[in-house]
Amino acid sequence: MLETDRLLLRQWQPTDREPFAKLNADPKVMEFFPNLLSREASDAMADQIQALIEQQGWDLWAVEIKNTQQFIGYVGLHVPTYDLPFNPCVEVGWRLAYEFWGNGYAPEAALMALKFGFESLNLAEIVSFTTMNNVRSQRVMEKIGMQRSSETFPHPKVSVKSELREHCLYRLSHCEWTVTKNNI
Ligand SMILES: CC(C)(COP(=O)(O)OP(=O)(O)OC[C@H]1O[C@@H](n2cnc3c(N)ncnc32)[C@H](O)[C@@H]1OP(=O)(O)O)[C@@H](O)C(=O)NCCC(=O)NCCS
């Protein structure tokens, strides 16, 4: 378990399944994803993440507000299992329920995930990527000190016909982290 001022990043619990399914079925949260998730697909995703945390000790952690014990979504590190032009890589990612947006929770949790990735896993680099129009997510990448790369790429899991296919890429190296972590 990891802890920030306001948040816990922890292993998934059975009670997270319902609020997770709710946010995965919310068109506002899923605006930049090809489709909403059914309850079954949402549960399967949570099961998969939980198993990865069990096996390797980290992945996309469930995020809980310490004061209220509310589950608000996930933030963490993940190894993509599909072909990307910059593989092998570890990405930092997030998805929060709409009611919790705008409080800086995603950057707060993501900075802890970066710290874990660089200082406990000793990763050389962490990346993040999103569809070109997902400015909210790009703001989080900027707030945590990631640098936008000039390269964009078509996401292999998004249909060639979809306007969501082209993605931008942000990177942060271990060296950059040692500098930026003191300036954020
Ligand atoms: C991206 C996301 C995690 C942001 O989390 P957050 O905790 O709200 O982060 P912040 O409070 O720092 O806000 C980041 C930006 O989101 C936008 N934002 C925040 N609250 C918002 C709201 N209620 N409505 C619309 N946009 C909002 C703003 O652009 C903000 O940037 P700013 O602080 O410079 O104004 C959240 O919007 C989310 O879960 N989105 C859906 C999932 C997603 O797109 N994941 C990334 C896929 S790669």
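For ligands, and for the atoms within them, numbers begin at 1 and follow the listed sequence.
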Could you tell me, for ligand 1, which of its N or O atoms are under 3.5 Å from any protein N or O, listing the pairs and their distances rounded to 0.1 Å?
from     : atom 1 : to   : atom 2 : distance (Å)
ligand 1 : 7 (O)  : Y105 : N      : 3.4
ligand 1 : 7 (O)  : A106 : N      : 3.0
ligand 1 : 8 (O)  : G102 : N      : 2.7
ligand 1 : 11 (O) : G102 : N      : 3.4
ligand 1 : 11 (O) : N103 : N      : 3.3
ligand 1 : 11 (O) : G104 : N      : 2.8
ligand 1 : 12 (O) : K143 : NZ     : 2.7
ligand 1 : 20 (N) : G102 : N      : 3.3
ligand 1 : 33 (O) : K143 : NZ     : 2.6
ligand 1 : 34 (O) : R139 : NE     : 2.6
ligand 1 : 34 (O) : R139 : NH2    : 3.0
ligand 1 : 39 (O) : L96  : N      : 2.8
ligand 1 : 39 (O) : L96  : O      : 3.4
ligand 1 : 39 (O) : W101 : NE1    : 3.4
ligand 1 : 44 (O) : N134 : ND2    : 2.9
ligand 1 : 45 (N) : W94  : O      : 2.9

Note, Q147 side chain near M141 side chain (heavy atom, < 4.5 Å): no
Parallel, tilted or perpendicular: which describes the rings of Y74 and W12, with under 30° parallel and over 60° perpendicular? tilted
Side-chain cluster (under 4.5 Å, hydrophobic types only) that F86 belongs to, other residues: Y82, L84, V127, F129, F153, L169
Could you list the donor-acceptor pairs under 3.5 angstrom formed between side-chain atoms of residues 92-100 and any protein atom two or more places apart in sequence or on another chain?
from : atom 1 : to   : atom 2 : distance (Å)
W94  : NE1    : S137 : OG     : 2.7
R95  : NH1    : N24  : OD1    : 2.6

D26/K22 ion pair, N-O < 4.0 Å: no
Those residues at least two apart in sequence (or on a different chain) that pass side-chain contact (heavy atoms from CB on, under 4.5 Å) with P19 are F71
